Amino acid sequence: MVRPLYIPIEKIIGTSRESNLKAAVDSFSCRDKDVEDFLKNKAFEFDKRNKSRTYLVVDEEQFNEDEPIIYGFFTLTFKSLELGENLSKSVIKRIDGFSKDVQSTEAVLLGQLGKNRKYQNNIDGQIILHYALGIVGKVHKLVGGRIVFLECDENPKLVDFYQRNGFEPLQKCGEYLQMIKYL
């Protein structure tokens, strides 16, 4: 039976486990090639520079093997959410909590979320999202904040997945759909 847990990359950087972990990361395969590319080519550097935090979802029992199995991952950071002109004043006020006239707000960004195709039947994406939202909840308790948001392709299955998990579409941002979840 799979016993997933999440491990922050930050805790592994600079340890003897880093090279084993990088080998496992190199074998990670995701449907979204941009998400896969982030994990393979940017996640470690972003963590080292405190730009974001990436967490690997691994098999607890197998994690200390030479090449751990990575079921998925997620990345969190802070980002300014620009509130578009097309948003109603009531939506803006609900997001901000005070004013209907703000143009942006700081929020936690769920920057990446990916599932390894090789093990797609071993873990549900909701488990990965649950782990991410658990950390967001801790951040919320420590520093406040009103929303978490993400930017995704307007793929109906993807949008439906996030809607089933409490996110709602907010606005288009370039080629992506921004979705928010109130905390």
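Residue numbers run from 1 in the order of the sequence given. Note that the structure is a prediction, hence the values are computed from the model and not measured.
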Sequence neighbours left out, cut at 3.5 Å: what donor-acceptor pairs do the side chains of residues 128-140 make with other protein atoms?
| unit_1 | atom_1 | unit_2 | atom_2 | d |
| --- | --- | --- | --- | --- |
| Tyr131 | OH | Pro4 | O | 2.9 |
| His140 | ND1 | Gly145 | O | 2.9 |

Any residue meeting side chain to side chain contact (heavy atoms under 4.5 Å, CB included) with Arg31, in chain and number order, not counting sequence neighbours
Arg117, Gln120
Side-chain (Asp59) to main-chain (Ile69) donor-acceptor, under 3.5 angstrom
no
Note: Ser29 and Glu36 closest approach over all heavy atoms is CA-OE1, 3.5 Å
Taking only residues at least two apart or on different chains, which pairs with a member in residues 149-160 satisfy salt bridge (charged side-chain N to carboxylate O under 4.0 Å, His left out)?
Lys79-Glu151, Glu154-Lys172, Asp160-Arg164
Can you name the closest pair of heavy atoms from Cys152 and Met179 and give their distance?
SG-SD, 3.9 Å
Taking atom NZ as the centre, does Lys33 end up with more than 12 heavy-atom neighbours from other residues, nucleotides or ligands that are less than 6.0 angstrom away?
yes
Is there a side-chain contact between Ser52 and Phe38 in this structure, where contact means two heavy atoms from C-beta onward sitting under 4.5 Å apart?
yes
Ring pair (Phe, Tyr, Trp, His ring centres under 6.0 Å) pairs, two or more places apart, involving residues 92-120:
Tyr71-Tyr119
Partner residues of Thr15 under the side-chain hydrogen bond (donor to acceptor under 3.5 Å, both in side chains) criterion, sequence neighbours left out
none
Side-chain heavy-atom pair Thr54, Gln112 within 4.5 angstrom cut-off:
no
For Lys89, the salt bridge (charged side-chain N to carboxylate O under 4.0 Å, His left out) test, sequence neighbours excluded, returns Asp101
Heavy-atom neighbours of Asn86 CG exceed 12 at 6.0 Å:
no
Kindly write out the residues that satisfy salt bridge (charged side-chain N to carboxylate O under 4.0 Å, His left out) with Lys42, not counting sequence neighbours, or none if the list is empty.
none
At their closest point, which heavy atom of Ser104 faces which heavy atom of Ser80, and how far apart are they?
CB-OG, 3.6 Å
Reported CG-to-OG1 distance for the pair Asp96 and Thr105, which is rounded to 0.5 angstrom
5.5 Å
Does any part of the side chain of Asn116, heavy atoms only, come nearer than 4.5 Å to the side chain of Ile123, both counted from C-beta?
no
In the structure I gave you, are the side-chain heavy atoms of Ser90 and Lys100 within less than 4.5 Å of one another anywhere?
no
Could I get the full list of salt bridge (charged side-chain N to carboxylate O under 4.0 Å, His left out) partners for Lys51, not counting sequence neighbours?
none
Between Gln126 and Asn165, is there a side-chain donor-acceptor contact under 3.5 Å, judged purely by atom types and distance?
yes
Could you list the residues that satisfy ring pair (Phe, Tyr, Trp, His ring centres under 6.0 Å) with Phe44, not counting sequence neighbours?
none
Heavy-atom closest contact (Arg17 atom, Pro68 atom, distance)
NH2-CG, 3.9 Å
Mark yes when over 12 heavy atoms from residues, nucleotides or ligands other than Glu18 sit less than 6.0 Å from its CD; otherwise mark no.
yes
Test of understanding: clusters of I, L, V, M, F, W, Y form through side-chain heavy atoms closer than 4.5 Å, transitively. Do Tyr176 and Val108 belong to the same one?
no
Starting at CG of Leu177, measure out to OH of Tyr162 and round the result to the nearest 0.5 Å.
11.0 Å
Report yes if some heavy atom in the side chain of Thr75 is under 4.5 Å from a heavy atom in the side chain of Arg53; otherwise report no.
no
Is it true that, when you exclude Lys11 itself, more than 12 heavy atoms of the residues, nucleotides or ligands shown sit nearer than 6.0 Å to its NZ?
no
My understanding is that only residues two or more places apart in sequence, or in another chain, count here; which of them pass ring pair (Phe, Tyr, Trp, His ring centres under 6.0 Å) with Tyr55?
Tyr6, Phe74
Heavy-atom donor-acceptor pair, Arg146 side chain to Leu183 backbone, under 3.5 Å
no
Report the residues that fulfil salt bridge (charged side-chain N to carboxylate O under 4.0 Å, His left out) with Asp34, sequence neighbours left out, ordered by chain and then residue number.
none
With clusters built from Ile, Leu, Val, Met, Phe, Trp and Tyr whose side-chain heavy atoms come within less than 4.5 Å, directly or transitively, what are the remaining members of the cluster of Leu170, listed by chain and number?
Leu81, Leu83, Leu87, Val91, Ile92, Ile95, Val102, Leu109, Ile147, Phe149, Ile180, Tyr182
